[in-house]
*Asks:* 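For reference, the structure I am asking about is given below.
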Amino acid sequence: MELTLGKRADYTVRAVLDLACHFGDGRRKADEIAAEMEIPRSYLPQLLAELVRSGLVVSVAGRHGGYALARPPHEVSLLEVIEAVEGPIASTECVLRGGPCRWEDACAFHEPWARAQAALRDSLAQTSFAEVASIDAVLAADS
Amino acid sequence: MELTLGSRVDYAVRAVVDLARHHGGGRRKAREVSDAMAIPASYLPQVLAPLVRAGVVVSESGPAGGYELRHPPGEITLLQVIRAVEGDPSSTTCVLRGGPCLAGGPCAMHEPWMQAQEAFLAKLAAITFADLVADSVATVPGGLPPADVVVATPSDGVGPSDVAVSAGARRMPPDER
């Protein structure tokens with residue numbers, strides 16, 4: 001069993017990590033982010049647009065334009081960024097497809113699964129991009 | 001974002017719920033399990049085999065044979081059954097595919113993601129089949145619909161799920177969505 005982030009969330013997390021690492025250094029060009037984080041150049045604008053819409057990133061057009069985090073990295077959680085592109089982590093849908101959920105109102109599995117999901121959410125909510133960026137800095141220094 | 005389990009795990013959980021309900025009442029025939037839990041009879045052996053291999057279920061062949069739980073339902077966790085069917089969560093694979101991960105080392109997301117995953121798995125490990133059976137005593141008469149009839153749909157306004165609980169090292173190909 002494996003919990004994985006999809007491509008969209010993956011690239012988005014990378015882009016925000018890049019902005020977190022450069023927070024306070026001025027705006028980042030899309031090309032810089034794409035090159036630094038190995039994000040396909042053609043894919044990046046739609047991800048950044050999503051982040052701008054959700055208020056996590058600000059963009060300024062023009063020669064001196066670019067992207068920056070709207071808030072300091074320690075105020076941006078992993079959960080916010082993932083949910084900005086993926087939508088909320090749902091706990092209302094049935095986990096087991098169509099099956100035991102027809103047992104009465106909710107399947108026996110529903111509650112335990114919802115609790116597990118909440119734990120995942122809480123953990124992601126408690127992690128800020130300042131932490132991710134500091135881990136990144138340590139890893140970069142070690143290599 | 002939505003977390004879902006595949007139909008194989010779905011059926012496996014159902015089968016174990018059935019065996020848990022009848023624990024102590026003798027072995028259950030494959031036919032009884034599949035009828036009671038709306039599991040396609042032809043699919044049941046594939047569902048039970050990994051559970052037998054993992055030591056969750058004991059199977060006996062012959063006229064008096066059948067399936068039963070090796071341990072009481074209170075000693076079998078949801079996580080055990082999910083793992084038996086889907087394999088262990090990998091802790092070495094990078095979350096961010098091929099990206100910021102430095103060759104041979106973990107990426108910056110590795111630890112935070114592992115923590116979130118651990119929190120998730122710990123909850124599943126805290127639930128036993130005794131709990132599940134207690135919560136599901138009232139079943140709909142006439143059995144359950146097949147698992148593949150209704151597919152979980154993302155809630156309103158939410159795009160396709162991008163977080164998958166997937167079997168083994170399987171990953172969604174980049175262009176699948």
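Chain letters run A, B, ... following the sequence lines, proteins first and then strands; every chain starts at 1.
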*Asks:* Any idea which heavy atoms bring A:S123 and B:A119 closest together, and the distance?
*Replies:* CB-CB, 4.4 Å
*Asks:* Would you mind telling me which of A:D18, A:L78, A:I39 has the largest number of heavy-atom pairs within less than 4.5 Å of chain B?
*Replies:* A:L78
*Asks:* Would you find more than 12 non-hydrogen atoms of other residues, nucleotides or ligands less than 6.0 Å from B:R31 atom CZ?
*Replies:* no
*Asks:* To the nearest 0.5 angstrom, please state how far the CG atom of A:L124 sits from the CZ atom of B:F120.
*Replies:* 11.0 Å
*Asks:* Quick check on the hydrophobic clustering: are A:M37 and A:V16 connected, directly or via other members, by side-chain heavy-atom contacts under 4.5 Å?
*Replies:* yes
*Asks:* Going only through I, L, V, M, F, W and Y residues with side-chain contacts under 4.5 Å, is there a path from A:L69 to A:V52?
*Replies:* yes
*Asks:* Using the rule side-chain contact (heavy atoms from CB on, under 4.5 Å), only one of A:V13, A:D136, A:I135 pairs with B:M109; which is it?
*Replies:* A:V13
*Asks:* Can you hop from A:L17 to A:V57 via hydrophobic side chains spaced under 4.5 Å?
*Replies:* yes
*Asks:* Restricting to non-hydrogen atoms, name the atom on A:A119 and the atom on B:K123 that form the minimum distance, rounded to 0.1 Å.
*Replies:* CB-CG, 3.7 Å
*Asks:* Could you report the tightest heavy-atom contact between B:A116 and A:L120, atom names first, then the distance?
*Replies:* O-CD1, 3.4 Å
*Asks:* Between A:V76 and A:L47, is there a shared hydrophobic cluster once you connect ILVMFWY residues whose side-chain heavy atoms come closer than 4.5 Å?
*Replies:* yes
*Asks:* Below 4.5 Å, heavy atoms only, C-beta onward: do B:D131 and A:P112 meet side chain to side chain?
*Replies:* no
*Asks:* Check residues 38-57 of chain B and write down every donor-acceptor pair under 3.5 Å in which the side-chain atom is one partner and the other belongs to a residue at least two apart or another chain.
*Replies:*
none

